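Written below as structure tokens is the structure these notes are about.
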Protein chains: 2
Amino acid sequence: MSVESRRGRRKTGPSIEDVARLAGVSAQTVSRVSTGADSVRPATRARVVAAMDQLGYAPNRAARALRNGSFGTLGLLAHRFERTGEALTMKAVVEAAKAENHSVTLLDVDDPRADGWEHAAQRLSHQAIDGLVIIRAEQATPDSLALPAGLPIAVSDSRLVGYYPCVVADQVQGSEAAVRHLLALGHRTVHHLAGPADSDPAALRAATWQRCLEEVGIRPPQLWRGDWSAASGYSMGRQIADDPAVTAIFCANDEMAFGVMRALAERGRRVPEDVSVVGFDGIELSEFATPPLTTVRQDFHRIGRELVRLVMLQLQSQAAVSRDRVVLPTELVVRGTTAPPPA
Amino acid sequence: MSVESRRGRRKTGPSIEDVARLAGVSAQTVSRVSTGADSVRPATRARVVAAMDQLGYAPNRAARALRNGSFGTLGLLAHRFERTGEALTMKAVVEAAKAENHSVTLLDVDDPRADGWEHAAQRLSHQAIDGLVIIRAEQATPDSLALPAGLPIAVSDSRLVGYYPCVVADQVQGSEAAVRHLLALGHRTVHHLAGPADSDPAALRAATWQRCLEEVGIRPPQLWRGDWSAASGYSMGRQIADDPAVTAIFCANDEMAFGVMRALAERGRRVPEDVSVVGFDGIELSEFATPPLTTVRQDFHRIGRELVRLVMLQLQSQAAVSRDRVVLPTELVVRGTTAPPPA
DNA sequence: GCTTGATATGTTTACGTCAACATTTTGGCG
DNA sequence: CGCCAAAATGTTGACGTAAACATATCAAGC
């Protein structure tokens, strides 16, 4: 039968019927073999399997999804997932989902500012997904996401925390460790290069930095703000580097720390002899900066795994899952960019 | 009706029938509105749309896929897609697919060495995809991928090139530019830190490096081999740095260049005064290394777009697409890590 | 060999959608 | 007003699968 004759449909592979005919059994028996279930005599099973192999049969997922009402697919909503942290989380999500026999469909949001999230949410309902993982939905607010009711969801750091089951890294602990480490080295104050204002983790890191200083009676200096990119770190760094009073900079992520370090180098200020720098995230390259970057490591892999766990939990027990956050520890990794201030 | 009563299926949203009933039309009319097609009187259309909104109707994608024989989904097969190059390509693939109204499903391969690709290919046939994009399938060979016949495919740099429609960056041109740049600066020879032996792009870069040297009568020195990671660059770099004859290193990617530069710094060899370093890829952070890394930029975004284009081409015209490769230019970006050799 | 209870297999049906075909309504024109 | 083509809407059926139910086959005990 030609492709055209089939009412405009694209050709599909051999069906369960074809296998049944060849194996001399009913379609249902083939289905039983295919789902691995139930009681099928070994001889029959072998015949069916042989027929499957011969025809190159593979179950039609659309039909299965329609029949079962589930797709075996999780949606992954993110923007800028080419960033290291997002990419690592994503990787873990895919792995964890695979362990649960689910695949992952990427849902991109190009410009979250311009109603991108709404559009993504709109498209969502048209997607074939059983659950949704949202990572770093920075500009998204609970209202802006008109999510289908009953769709299992888990979110990572973002404003959505508290509205959905969520997984967060311990921003506070990590930021405290970073600031206190610098103070313990003898720095009179610590400057902060924050992430964008609409980012929840950025706000948390900045607030913690401020509190840590105030707790020891230091009035926090002017806060600098970047957009997570190394380029923004560089352009801010050029300004920061001109202030001789600056001896310690806590950057809200590693990329910006790279930018800052380049700016410092260009201004002839040595790291760590003249200025100490701390990053956040613990990306692979942070270890291979010159000198290696002191940073706060987040376990992105575990974040991804936990996100999937939360979604699968909702998927399996219809019951609602606690909206409390799962908090994962962070860890200060002291390397070569921090030292006591110049005498 | 309760969820349980529905024969164990998970609940699905309102169906086309529900909308039809509420709007007082037939299901087919709702379908027409939903597909945007055909002739529906404005008044009728409005009634249907209102009913859709009221019920929060969204077409069931599984049913649509079953009916149409297509899923509106592309598969993206990769391993280590947390790497910068892969992540950027992926991002472009998702964007381009979205422009074609397709979503992207991630297919991970954990350990390509141990029959990972076969498994991935196996799972593939169980996936609900209309086409497949393979990026950097390093260990995969055409034979190891028992891909469903007739599945539109496009591959990026890998051994699969030549077997499927493919998109590659111009490794040769980029590598030539890098090596010749170093020679032009006056270096007596150029060392090479290659990628893993089973990588096609790595082999191409190494071969081009070798040829460029031989063409000007230089006998290529020992080749060093890493695994793309910064850590491998570092450990190789520690050995390379001990050889005082080394004044120029062409690294097969930027991450390894970072590792090499840290190793050089630890050994007290200055970049670029004592040793020049060139990377490959042009990742964001390369610009913010200290000093900024001279590298060969690849347009990952364009690679991703082209991959999708090739798949969509096959999807639309049943005709087979040329298996010739689409070659995209690369560009040497000279920054701060290259200089004439020490006198 | 016959009954019985278990185990293996077959038959029917519905999942939600949309192409094809059938039917009704609309509007233009004599 | 009535006729007819064109436009709008309705009816039917099939896509491939698997649950529910129905039937057939089997092994064991008497």
Side-chain angles (χ1 to χ4, degrees), chain A residues 1 3-21 23-48 51-52 55-72 125-128 130, chain B residues 1 3-21 23-48 51-52 55 57-72 125-128:
Chain A
M1 182 178 354
V3 170
E4 289 69 26
S5 73
R6 306 190 58 175
R7 296 220 255 163
R9 289 186 181 88
R10 202 169 295 147
K11 80 151 185 291
T12 58
S15 83
I16 210 171
E17 287 286 356
D18 302 323
V19 176
R21 206 171 312 120
V25 298
S26 75
Q28 181 56 31
T29 299
V30 177
S31 170
R32 280 192 260 260
V33 172
S34 158
T35 51
D38 265 317
S39 41
V40 179
R41 216 173 339 176
T44 311
R45 180 182 301 272
R47 269 213 323 285
V48 171
M52 282 177 167
L55 294 176
Y57 167 81
N60 180 315
R61 294 248 304 182
R64 248 189 200 175
L66 177 58
R67 184 63 184 75
N68 298 336
S70 94
F71 299 88
S125 35
H126 296 253
Q127 288 298 338
D130 301 321
Chain B
M1 183 178 352
V3 171
E4 289 69 28
S5 74
R6 307 188 57 174
R7 296 221 253 165
R9 289 188 181 87
R10 202 169 293 147
K11 82 151 185 291
T12 57
S15 83
I16 210 171
E17 287 285 357
D18 301 324
V19 175
R21 206 170 311 120
V25 298
S26 74
Q28 181 55 32
T29 298
V30 176
S31 170
R32 281 192 260 260
V33 171
S34 159
T35 50
D38 266 317
S39 41
V40 179
R41 215 170 342 174
T44 312
R45 180 182 301 272
R47 269 212 324 287
V48 171
M52 283 176 166
L55 295 176
Y57 166 81
N60 180 313
R61 292 247 304 182
R64 239 180 210 183
L66 177 58
R67 184 63 183 71
N68 298 335
S70 95
F71 298 88
S125 35
H126 296 252
Q127 289 297 339

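Within every chain, numbering begins at 1; the chains are lettered A, B, ... in the order of the sequence lines, protein sequences first and strands thereafter. All values derive from a computational prediction rather than experimental measurement. Because only heavy atoms are used, hydrogens play no part in the values below, and waters and symmetry mates are left out as well, while side chains stay in.
T35(B) contributes a side-chain N or O that, together with a main-chain N or O of S31(B), makes up a donor-acceptor pair within less than 3.5 Å.
Scored by the side chain to side chain contact (heavy atoms under 4.5 Å, CB included) test, A62(A) finds N60(A), A65(B), L66(B), F71(B) as partners (sequence neighbours excluded). Residues forming a salt bridge (Lys or Arg N to Asp or Glu O under 4.0 Å) with R21(B) (at least two apart in sequence, or on another chain): D18(B).
Here dT17(C) is the nucleotide among dT17(C), dT17(D), dT11(C) with the atom lying nearest to any side-chain atom of S15(B). Comparing dA7(D), dG10(C), dT17(D) by their closest approach to the side chain of T29(A) singles out dG10(C). The side chain of V40(A) lies closest to dT9(C) when the candidates are dG16(D), dT9(C), dA18(D). When distances run from any side-chain atom of S31(A) to the nucleotides dT17(C), dA18(D), dA8(C), the shortest one goes to dA18(D).
Dashed line: the shortest gap from a side-chain N or O of T44(B) to OP1 or OP2 of dT9(D) is under 4.0 Å. Contact annotation: R41(A) reaches the phosphate of dT9(C) (side-chain N/O to OP1 or OP2, under 4.0 Å). Applying the 4.0 Å criterion to OP1 and OP2 of dG16(C), one finds that R67(B) has every side-chain N and O outside that range. Of the side-chain N and O atoms in T35(B), none sit less than 4.0 angstrom from OP1 or OP2 of dC18(C).
Rounding to the nearest 0.5 angstrom, the gap separating the CD1 atom in I16(A) from the CD atom in Q28(A) is 7.0 Å.
If P42(A) and A27(A) are placed on DNA chain C by their nearest nucleotide, the residue sitting closer to the 5' end is P42(A). Residue S26(B) is the one, among S26(B) and I16(A), whose nearest nucleotide of DNA chain D lies closer to the 5' end (criterion: closest heavy atom).
Per the geometry, CZ belonging to R47(B) stands 14 Å off C1' belonging to dG10(D), to the nearest Å. Distance, L66(B) CG to dC15(C) C1': 9 Å, rounded to whole Å. The distance from atom CG of N68(B) to atom P of dC15(D) is 14 Å, rounded to the nearest whole Å. In this structure, N60(B) places its CG atom 13 Å from C1' of dA14(C), rounding to the nearest Å. Rounded to whole angstrom, the span from the CD atom of E17(B) across to the P atom of dA14(C) amounts to 13 Å. When rounded to the nearest whole Å, the span between CG of L55(A) and P of dG16(D) equals 13 Å. Atom CD of Q28(B) and atom P of dT17(C) are 11 Å apart (whole Å).
Each end of the helix from dG1(C)-dC30(D) to dG30(C)-dC1(D) gets its own rotation axis from five pairs of C1' atoms, and the angle between them is 40° to the nearest 10 degrees.
Remark: the R32(B) side chain and the dG10(D) base include a donor-acceptor N/O pair separated by less than 3.5 Å.
In the model, R64(A) has a side-chain atom that pairs as donor or acceptor with a side-chain atom of S34(A) under 3.5 Å. Side-chain contact check for R32(B) and S26(B): no donor-acceptor pair (N or O, by modelled atom type) lies under 3.5 Å.
Smallest separation of non-hydrogen atoms from A27(A) and E17(A): CB-OE2, 3.9 Å.
Among V33(A), V48(A), V30(A), the one residue that satisfies the side chain to side chain contact (heavy atoms under 4.5 Å, CB included) test with V40(A) is V33(A).
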